[in-house]
K.L.:
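My questions all concern the structure below.
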Amino acid sequence: MKIVVQRAKDAEVKVNNETVGKISEGFMLLVGITHEDSEQDADYLADKIANLRVFEDAEQKMNLSLIDVGGQVLSISQFTLYGDCRKGRRPNYMAAAKPDQAEPLYDYFNLKLREKGITVQTGEFGGMMDVSFTNTGPVTLILESQAN
């Protein structure tokens, strides 16, 4: 799994001009899944994200986690994270898991975050979405469950 984590002041996702997910302070996540990913990968990344210390404490140091600040998550499925652009001009998405494999694992990942007491909003898996957010810091990290 590959996840782009962006610290957000707010985030929203719309499908057909209708808001389907909206959060205040927390993380906006772009979640990509490849063929080899398993529940173990989702467990690892859910724990890492919930406890990642990138929120400021009283001394303005990044010492607090999403759990510490009561932050929320907007989780967006993003197969294009596995786009290979090394050849030609059109990305090759062969490394992205097919929807029948990716969607259950994406749902499982979001469930694992919820089990940690985190409010999780999502977009529409496989849908055309408009995502907007305010990245604070800015803080943007790329997390992967497997070494490449």
Side-chain angles (χ1 to χ4, degrees), residues 1-16 18-58 60-84 91-148:
M1 289 178 76
K2 185 183 299 186
I3 301 179
V4 176
V5 179
Q6 296 180 298
R7 191 176 71 179
K9 185 184 300 183
D10 53 57
E12 180 178 20
V13 59
K14 293 182 178 183
V15 176
N16 297 321
E18 181 180 327
T19 298
V20 297
K22 187 174 183 174
I23 65 159
S24 55
E25 181 183 35
F27 288 142
M28 203 287 291
L29 306 178
L30 300 176
V31 181
I33 298 171
T34 191
H35 306 289
E36 297 85 26
D37 290 333
S38 67
E39 289 183 354
Q40 287 178 323
D41 296 289
D43 291 339
Y44 169 79
L45 285 171
D47 185 62
K48 178 68 79 175
I49 288 165
N51 294 291
L52 198 59
R53 295 177 5 177
V54 296
F55 294 91
E56 282 89 8
D57 62 16
Q60 301 305 308
K61 294 189 185 219
M62 289 198 293
N63 273 329
L64 301 176
S65 71
L66 188 65
I67 292 173
D68 294 333
V69 300
Q72 303 174 332
V73 164
L74 178 62
S75 175
I76 305 295
S77 62
Q78 189 73 49
F79 78 94
T80 62
L81 290 178
Y82 281 101
D84 184 349
N92 175 325
Y93 298 109
M94 296 299 291
K98 300 286 185 212
D100 62 333
Q101 176 191 2
E103 187 171 13
L105 192 54
Y106 171 71
D107 291 340
Y108 177 83
F109 166 75
N110 292 322
L111 173 66
K112 290 310 206 178
L113 287 172
R114 288 180 180 113
E115 286 177 355
K116 295 177 183 309
I118 298 167
T119 297
V120 178
Q121 297 286 311
T122 64
E124 180 182 296
F125 187 91
M128 180 60 76
M129 298 173 273
D130 295 321
V131 180
S132 59
F133 69 102
T134 304
N135 186 322
T136 56
V139 174
T140 300
L141 301 164
I142 300 171
L143 303 180
E144 294 186 72
S145 59
Q146 302 176 28
N148 289 330

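Atoms considered below: every heavy atom in the structure, side chains included; atoms not considered: hydrogens, waters and symmetry mates.
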K.L.:
How long is the straight-line distance from CG of D37 back to OG of S145, given to the nearest 0.5 Å?
P.N.:
4.5 Å
K.L.:
State the CD1-CG distance between I76 and L81, to the nearest 0.5 angstrom.
P.N.:
11.5 Å
K.L.:
Is it the case that atom CD1 in I142 sees more than 12 heavy atoms from other parts of the structure closer than 6.0 Å?
P.N.:
no
K.L.:
D84: which residues meet the salt bridge (charged side-chain N to carboxylate O under 4.0 Å, His left out) condition with it, sequence neighbours left out?
P.N.:
R86
K.L.:
Donor-acceptor check, side chain of D47 to backbone of N51, threshold 3.5 angstrom: yes or no?
P.N.:
no
K.L.:
Hey, could you give me the NZ/CG distance between K116 and L66, rounded to the nearest 0.5 Å?
P.N.:
11.0 Å
K.L.:
Look only at the side chain of D57 and the backbone of K61, and say whether a donor-acceptor pair between them is shorter than 3.5 Å.
P.N.:
yes
K.L.:
For residues 18-30, which residue pairs qualify under side-chain hydrogen bond (donor to acceptor under 3.5 Å, both in side chains), counting only residues two or more places apart or in two chains?
P.N.:
E12-T19, S24-Q72
K.L.:
How would you list, by chain and number, every residue that makes a side chain to side chain contact (heavy atoms under 4.5 Å, CB included) with K98, sequence neighbours excluded?
P.N.:
D100
K.L.:
Identify every side-chain donor-acceptor pair in residues 121-134 under 3.5 Å, counting partners at least two apart or on other chains, and give the distances.
P.N.:
{"from": "T134", "atom 1": "OG1", "to": "D10", "atom 2": "OD1", "distance (Å)": "3.1"}

K.L.:
Taking side-chain hydrogen bond (donor to acceptor under 3.5 Å, both in side chains) as the test, write out the residues that go with T80, two or more places apart.
P.N.:
Q78
K.L.:
When the side chains of residues 105-115 are checked against the rest of the protein, which donor-acceptor pairs come out under 3.5 Å, sequence neighbours left out?
P.N.:
{"from": "Y106", "atom 1": "OH", "to": "S75", "atom 2": "O", "distance (Å)": "2.6"}
{"from": "Y106", "atom 1": "OH", "to": "S75", "atom 2": "OG", "distance (Å)": "3.4"}
{"from": "Y108", "atom 1": "OH", "to": "D43", "atom 2": "OD1", "distance (Å)": "2.7"}
{"from": "Y108", "atom 1": "OH", "to": "D43", "atom 2": "OD2", "distance (Å)": "3.4"}
{"from": "N110", "atom 1": "OD1", "to": "S75", "atom 2": "OG", "distance (Å)": "2.8"}
{"from": "N110", "atom 1": "ND2", "to": "Y106", "atom 2": "O", "distance (Å)": "3.2"}
{"from": "K112", "atom 1": "NZ", "to": "E115", "atom 2": "OE1", "distance (Å)": "2.8"}
{"from": "R114", "atom 1": "NH2", "to": "V120", "atom 2": "O", "distance (Å)": "3.0"}

K.L.:
Can you sort out the partners of Y44 under ring-ring contact (aromatic ring centres under 6.0 Å, His included), two or more places apart, ordered by chain and number?
P.N.:
none
K.L.:
Sequence neighbours excluded and cut-off under 3.5 Å, please list the side-chain donor-acceptor pairs for residues 29-36, or say none.
P.N.:
{"from": "T34", "atom 1": "OG1", "to": "A95", "atom 2": "O", "distance (Å)": "2.3"}
{"from": "H35", "atom 1": "NE2", "to": "M94", "atom 2": "O", "distance (Å)": "2.6"}
{"from": "H35", "atom 1": "NE2", "to": "A96", "atom 2": "O", "distance (Å)": "3.4"}

K.L.:
Hey, are R53 and D68 close enough for a salt bridge, meaning a charged N less than 4.0 Å from a carboxylate O?
P.N.:
no
K.L.:
Looking at every heavy atom in both P104 and P99, which two are closest together, and how far apart are they?
P.N.:
CD-O, 3.9 Å
K.L.:
Quick one: list whatever passes ring-ring contact (aromatic ring centres under 6.0 Å, His included) with F79, sequence neighbours left out.
P.N.:
Y93
K.L.:
Please identify each residue that fulfils salt bridge (charged side-chain N to carboxylate O under 4.0 Å, His left out) with K48, with sequence neighbours left out.
P.N.:
none
K.L.:
Is T140 reaching over with its side chain to a backbone N or O of Q6, donor-acceptor style, under 3.5 angstrom?
P.N.:
no
K.L.:
Of all heavy-atom pairs between A11 and L74, which one has the smallest distance, and what is that distance?
P.N.:
CB-CD2, 3.6 Å
K.L.:
Taking the side chain from R7 and the backbone from V54, do they hold a donor-acceptor pair closer than 3.5 Å?
P.N.:
yes
K.L.:
With side-chain contact (heavy atoms from CB on, under 4.5 Å) as the criterion, how do V139 and M62 come out once you've worked through the C-alpha distance, each side chain's angles and the decisive distance to 0.1 Å?
P.N.:
CA-CA 10 Å; V139 174; M62 289 198 293; 4.1 Å; yes
K.L.:
Pair V73, T119 - check side-chain contact (heavy atoms from CB on, under 4.5 Å), show working.
P.N.:
CA-CA 6 Å; V73 164; T119 297; over 6 Å; no
